Amino acid sequence: MGSFIPLMRPSINENDIHAVSEVLRSGMLVQGKHVEELERLLCNMLGSKHVAAISNGTQTLFLALKILGIGPGDEVIVPAFSFMATANVVELVGATPVFVDIDIDTFNIDPELIESAITTKTKAIMPVHEFGLSAEIGRIMAIAERHRLFVIEDAACALGATENGRYVGTFGDFGSFSFHPRKAITCGEGGALVTNNPAFHDRVLVLRNHGIETSTAGGMDFSDFGFNFRLTDFQAALFNSQFLRLQQIFDGKNRLADIYLSELSAHGQVKLPVVPSSKNHTWQTFHVLVPETADRNAVITRMREKGIGTNNGGQCMPYMQSFQEKYSLDCQKLFPNALRAYKSGLALPIYEGLTDADIRKVVTTLIGSI
Ligand SMILES: *Cc1c(COP(=O)(O)O)cnc(C)c1O
């Protein structure tokens with residue numbers, strides 16, 4: 001009996017620990033030079049004009065909606081399948097999320113279904129680059145331009161993902177990233193809001209820091225009602241240290257994903273994720289569908305008993321209690337793919353440190369647990 005293989009382990013090495021301790025010893029803890037360095041690193045990597053570090057991914061989405069003036073009476077188009085934060089923030093600014101079903105091969109919003117969801121109240125589309133794979137972002141941008149809608153990319157899981165070589169998060173009015181331990185690299189809790197619009201970026205800087213007008217020389221003036229969405233410098237130091245091996249982390253996951261793909265396709269029991277040729281997959285999550293006849297929750301329990309951590313990858317958001325109580329949408333009829341992804345979806349372990357043998361053990365255990 002080997003040791004337990006958890007679903008996720010963040011990549012933390014001695015250099016990371018040293019980088020964080022240095023900041024703690026310096027006594028300068030909040031939004032300083034390490035946060036600035038994080039912003040510079042992401043700007044350079046993504047080729048985006050502006051990046052602002054924010055305390056977590058959910059708040060980046062909330063802030064983007066606020067800055068675009070989206071609120072009561074407005075509608076925002078979101079995929080029906082994602083992590084709940086995507087739709088929660090739309091509710092929290094007082095707007096209405098309009099759910100659109102996904103493509104079952106990629107788990108991303110189905111661009112064919114977007115236009116029929118647009119009404120006179122629609123203000124924005126919020127595509128999610130699910131599990132580290134770009135949505136059909138080029139097509140989504142074209143739809144948004146045709147209908148004069150804003151685009152906020154929820155790229156929480158997709159740092160490093162591209163469509164035709166261009167990084168996600170740089171297509172829309174805003175791109176949002178998360179650095180939670182489940183994402184590519186982490187600072188515990190953290191996020192970044194990316195934009196090419198200097199006026200939007202100025203608003204981000206003011207609103208993340210109590211409304212303080214940064215351009216005021218000398219004294220301090222407050223030009224708006226702001227929040228405290230700052231990141232700490234010791235968190236940024238952790239990110240910056242991990243950033244040095246980002247490519248190594250992607251390469252490692254790619255190798256593990258290739259083993260999953262070949263081993264699992266040999267068994268033919270589970271539906272595998274499809275990667276379109278215009279995109280790379282960064283494998284934030286390796287997500288498969290068990291057969292619809294199988295009881296996915298029972299599979300999770302059986303795998304845990306055999307020493308392997310898995311869970312369901314995302315939610316059919318309108319199917320969750322909070323949205324059912326408010327909108328009572330018939331998900332089986334309206335969002336059959338999102339409901340299937342929620343009910344039959346299974347996230348498998350994928351992270352630095354797993355061996356080829358571990359992946360084979362996960363595969364054998366999974367097949368034996370269906
Ligand atoms: C993780 C995630 C978020 C939330 O990010 P946090 O940093 O945990 O707040 C939002 N959207 C998606 C799609 C996510 O996967």
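Keep in mind it's a predicted model, so treat the numbers as computed, not measured. When a ligand or atom number is given, it counts from 1 through the structure's own listing order.
Taking the ring centroids of Y342 and F81, they lie at or beyond the 6.0 Å cut-off. Ring centroids of F323 and F99 are separated by less than 6.0 Å, placing the two rings close together. With ring centers used as reference points, F107 lies under 6.0 Å from H287.
Every atom of ligand 1 is numbered from 1 in the order shown, and the set under 4.0 Å from a heavy atom of S82 is 13 (C). Atoms of ligand 1 lying under 4.0 Å from any heavy atom of F83, numbered from 1 in the order shown and given with element: 2 (C), 3 (C), 12 (C), 14 (C), 15 (O). With ligand atoms numbered from 1 in the order given, ligand 1 contributes 7 (O), 9 (O) to contacts under 4.0 Å with heavy atoms of N56. Atom numbering of ligand 1 starts at 1 in the shown order; those under 4.0 Å from a heavy atom of V128 are 13 (C). Atoms of ligand 1 found under 4.0 Å from any heavy atom of S178 (numbered from 1 in listed order, with element): 5 (O), 6 (P), 7 (O), 8 (O).
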Output, in order, the C-alpha distance, side-chain angles, deciding distance and verdict of side-chain contact (heavy atoms from CB on, under 4.5 Å) for L193 and L61. CA-CA 8 Å; L193 194 50; L61 295 171; over 6 Å; no
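Contact annotation: R182 has no heavy atom less than 4.0 Å from any atom of ligand 1. Residue contacts with ligand 1: G191 is excluded, as none of its non-hydrogen atoms falls under 4.0 Å.
Ion pairing of E136 with K279 is present here, as a side-chain N (NZ or NE/NH1/NH2) and a carboxylate O approach within less than 4.0 Å.
Under 4.0 angstrom from ligand 1, the non-hydrogen atoms of T58 come from both its backbone and its side chain.
The cationic group of R208 does not satisfy the cation-pi geometry with F227, failing either the under 6.0 Å distance to the six-membered ring centre or the 45° limit from the ring axis.
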